[in-house]
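Notes follow the structure.
Below, read A as the first sequence line, B as the second, and so on, with proteins coming before strands; counting in each chain starts at 1. Only this structure's heavy atoms are used, side chains among them; waters, hydrogens and symmetry mates stay out.
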Number of protein chains: 2
Amino acid sequence: MSASEQRPAATDGGLSKARVVAEAVRLADREGVHGLSMRRLATELGAGAMSLYHYVASRDELLDAMVDVVFDEIELLSDDTDWRSAMRRQAMSARQVLARHPWAISLMESRTTPGPANVRHREAFTACLRKAGFSIVMATHANWLLNSYVYGYALQEASLPFRTADELAEMTDSVYLPQLPADEFPYLHESAVGLAQAGYDPGEEFAFGLELILAALEPLRTSDARGA
Amino acid sequence: MSASEQRPAATDGGLSKARVVAEAVRLADREGVHGLSMRRLATELGAGAMSLYHYVASRDELLDAMVDVVFDEIELLSDDTDWRSAMRRQAMSARQVLARHPWAISLMESRTTPGPANVRHREAFTACLRKAGFSIVMATHANWLLNSYVYGYALQEASLPFRTADELAEMTDSVYLPQLPADEFPYLHESAVGLAQAGYDPGEEFAFGLELILAALEPLRTSDARGA
DNA sequence: TAGTACAGTGTACGACGTACAGTGTACGAA
DNA sequence: TTCGTACACTGTACGTCGTACACTGTACTA
């Protein structure tokens, strides 16, 4: 039984599940999930550690709720444009949000029960594809493919120490090239040099793969009801 | 400084870094990363907890090493076939391995320094694509796209409670349909019904998306030196 | 035989999640 | 006005965690 139905929303200065979870998200953003302890979180909220358990059954349930809050930050698919624009917007938003909350990505694996925001997104996703003329099975394929790309990309991005072309260039000189001698790793070495020379911008990478996938999905539509 | 260079390989009955890490992987497979404690691992190895620190600098370093052991289980790309077959084999193997060690996926996010097996794979990957006629930038795109798909797929798969068509059918009846009323989630409801009726096999899903991606990458090749 | 190196350990410390037995305040009933 | 009750909130305590540190014993060299 979820604790959200046991406690009111609390508009005054007191605690509430929403307040606890929101602060937990902020804390995790700053310090990672590892740094998020019940005691620490309680202090941040100006409360005793055990007070939190009035709003959250356990640390595990808190993590579930945090993941769902993150899902809720992702822009919901609107169906007032063609499916490709809608999917693109949603994917871009998801990537942005997951970059803000990298801890959420790795939390997904261990949480088996999807929260309400998660389900809402899946419904909107499926709705959009079905309306665009994808069959049930093809819509499922598209769902897996796109979500895999978005989550996988976010996961890889989270473990990268650079964001911009400049940062990459700096890392290339100071770390990659010294660690990737041309005789042992000729291709990685060549790549590191080539990318730096070409002014490769890692910020554009996501969009490239996304467009490729969207284009590849296009032929899977069986009718073209709405969304061409 | 890595502990691997400080301690010998130990062929006799004693401990060794390899032995410690291997047992840690086994333990994590059984109980998850959360269940993997230094004391528990030591007991499993018939040693005192503090003995482990002769082979591993910290729990964190142990986790790094475990992730790299998992990478090492993935089949290394061979370049004796066309690039698509090679990529397919590698991706299939990666997905299999990650399904065996789901904890490794979420660990990737927090580990910023890739281990030797990881680098070896990236080198082989890049080599294969370059030899197949991809430019440096296009090979990078392909690398991101494919890896994102594989990791993202594994991540999603890890949080699913079913593996086969039968298990899905059972879950559909007992969990999904009751929780997805047709009036609130019409499209998810329709999907659940439709997939069960069509005998949809989740085990085939990975290959579908993979083929789509491989086909989409084909036109990015600038020459067709080796690998058509 | 003494010295030394080093694999392996026991104890202890601070931090963790959380069970449990409280406390205080607010408010309706008398 | 007084009492009863409900409930938001908390302090203490327990078992477990990672690991610093000082220690053991054994094996091998001088």
Side-chain angles (χ1 to χ4, degrees), chain A residues 1-25 27-28 30-67 103 106-107 110-111, chain B residues 1-25 27-28 30-67 103 106-107 110-111:
Chain A
M1 192 177 305
S2 150
S4 63
E5 291 120 0
Q6 300 173 350
R7 299 290 160 208
T11 51
D12 59 338
L15 262 48
S16 73
K17 175 154 183 176
R19 198 116 60 193
V20 168
V21 176
E23 190 61 44
V25 168
L27 193 51
R30 285 206 309 274
E31 327 239 345
V33 230
H34 190 73
L36 170 73
S37 79
M38 299 303 271
R39 280 174 240 253
R40 182 76 204 282
L41 175 56
T43 308
E44 216 75 36
L45 287 160
M50 294 311 292
S51 307
L52 304 181
Y53 288 90
H54 277 259
Y55 306 96
V56 149
S58 65
R59 184 171 191 266
D60 243 43
E61 207 218 62
L62 173 64
L63 294 179
D64 277 335
M66 290 167 66
V67 169
W103 45 267
S106 43
L107 242 43
S110 44
R111 330 267 117 211
Chain B
M1 194 177 305
S2 150
S4 62
E5 291 122 359
Q6 300 173 350
R7 300 288 162 211
T11 50
D12 58 339
L15 264 47
S16 73
K17 174 155 186 177
R19 198 114 65 193
V20 168
V21 176
E23 190 61 45
V25 168
L27 192 51
R30 286 206 309 273
E31 328 238 344
V33 230
H34 190 72
L36 171 73
S37 79
M38 299 304 271
R39 281 174 240 254
R40 182 76 204 284
L41 174 56
T43 309
E44 217 75 34
L45 287 160
M50 293 311 293
S51 305
L52 304 182
Y53 288 91
H54 277 259
Y55 304 98
V56 149
S58 66
R59 184 172 190 265
D60 243 43
E61 207 218 62
L62 173 64
L63 294 179
D64 277 335
M66 290 168 65
V67 169
W103 47 266
S106 43
L107 241 45
S110 42
R111 330 266 117 212

Side chains of A:L52 and A:L45 in contact at under 4.5 Å (non-hydrogen atoms): yes

Nucleic acid contacts - residues 33-49 of chain A versus DNA chain D, non-hydrogen atoms under 4.0 Å: A:R39, A:A47, A:G48

Spacing of B:L52 atom CG relative to D:dC17 atom P, expressed in whole Å: 13 Å

Donor-acceptor pair, side chain of B:R30 and main chain of B:G35, under 3.5 angstrom: no

d(CE, B:M50; P, C:dC6) in whole Å: 18 Å

Watson-Crick or G-U wobble mate for D:dA13, both contacts under 3.5 Å: C:dT18

Closest non-hydrogen atom pair between B:A57 and B:Y53, with its separation: O-CD2, 3.6 Å

A:Y53 OH to C:dG17 P, straight-line distance once rounded to whole Å: 6 Å

Base paired to C:dT23 (Watson-Crick or G-U; both N/O distances under 3.5 angstrom): D:dA8

Spacing between A:L63 atom CG and C:dG17 atom C1', to the nearest angstrom: 12 Å

Rounded interatomic separation in angstrom, taking NE2 from A:H54 and P from C:dT23: 15 Å

Ion pair B:E23/B:R19, N-O distance below 4.0 Å: no

Any side-chain heavy-atom pair of B:L36 and B:R40 under 4.5 Å: no

Whole-Å gap separating P (D:dG18) and CD (B:E61): 15 Å

Backbone N/O of B:E61 and side chain of B:R111: donor-acceptor pair under 3.5 Å: no

